[in-house]
Amino acid sequence: MEYIYKSPIGELLITYNDTHIIGARFDTSQCGEYHGNDIIANCITQLDEYFSGKRKIFDLPLNPEGTEFQQTTWSALCTIPYGKTASYGEIAAQMGKPKAPRAVGMANNKNPIYIIIPCHRVVGADGKLVGYGGGLWRKEWLLEHETKNI
């Protein structure tokens, strides 16, 4: 099932089933029909709270599809505190794979659940904003939003 969430930075296509959030991407070109349930209602509430500056941590049942390495990377992303950033190398080291920052970058690129799995908090080794599927301007907006709401 799908739902278009109208955020301050564009429409977010949320895909879900009866038990889990499966995806959340800035791509509404292939949206289906909304069929409400408790999962999407809770997701909408938490996104509203996030964008209003009240929510710092999401508490949603997630089920993103990916390889074991991608799943491990996405779990590591969820440990980056609200309003903070980490480099691809720092995430790789945290995962016990210090020589895998590029692989972490590729897994980050495949993250199917934007914002909730905070891939926007990952930056280059020099601290510069690099790569974000939703566009660098959204990444910058999200990081500024979090910084001012800490």
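These values consider heavy atoms only, across backbone and side chains, with no hydrogens, waters or symmetry-generated copies. Note that this is a predicted model, so its numbers are computed, not measured.
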Using the ring of each side chain (for Trp, its six-membered ring), is Phe26 parallel, tilted or perpendicular to Tyr114, with breaks at 30° and 60°?
tilted
Ring-plane angle category for Tyr50 and His120, please: parallel below 30°, perpendicular beyond 60°, tilted otherwise.
perpendicular
What side-chain donor-acceptor pairs closer than 3.5 Å can you find for residues 89-109, not counting sequence neighbours?
{"unit_1": "Glu90", "atom_1": "OE1", "unit_2": "Ser87", "atom_2": "N", "d": "2.7"}
{"unit_1": "Gln94", "atom_1": "NE2", "unit_2": "Thr79", "atom_2": "OG1", "d": "2.9"}

Got a salt bridge between Glu146 and Arg121, using NZ or NE/NH1/NH2 to carboxylate O under 4.0 Å?
yes
Under 4.0 Å between a side-chain nitrogen and a carboxylate oxygen: does that hold for Lys54 and Glu49?
no
In one Ile/Leu/Val/Met/Phe/Trp/Tyr side-chain cluster, 4.5 Å: Tyr5, Ile22
no
Verify the neighbour count for atom NZ of Lys56: are there more than 12 heavy atoms of other residues, nucleotides or ligands below 6.0 Å?
yes
Go through Lys110 and Trp74 one step at a time and tell me if the side chain to side chain contact (heavy atoms under 4.5 Å, CB included) criterion holds.
CA-CA 9 Å; Lys110 298 292 183 188; Trp74 301 333; 4.2 Å; yes
Is the shortest heavy-atom distance from the side chain of Thr85 to the side chain of Ile80 under 4.5 Å?
no
Would you check, one step at a time, whether the test side chain to side chain contact (heavy atoms under 4.5 Å, CB included) holds for Asp59 with Gln46?
CA-CA 8 Å; Asp59 181 22; Gln46 290 191 31; 4.2 Å; yes
Give the minimum heavy-atom separation between Thr19 and Asn17, together with the two atoms involved.
N-OD1, 2.8 Å
Should we count CG of Asp126 as having more than 12 external heavy atoms under 6.0 Å?
yes
Verify side chain to side chain contact (heavy atoms under 4.5 Å, CB included) between Leu47 and Arg55, making sure each step is shown before the conclusion.
CA-CA 8 Å; Leu47 283 167; Arg55 178 167 290 275; over 6 Å; no
Set of residues satisfying salt bridge (Lys or Arg N to Asp or Glu O under 4.0 Å) with respect to Arg138, sequence neighbours excluded
none
Please examine the side chains of Asn111 and Pro64, heavy atoms only from C-beta on, and report whether any two atoms are closer than 4.5 Å.
no
Around Ile57, counting heavy atoms of other residues, nucleotides and ligands shown, do more than 12 lie under 6.0 Å from its CD1?
no
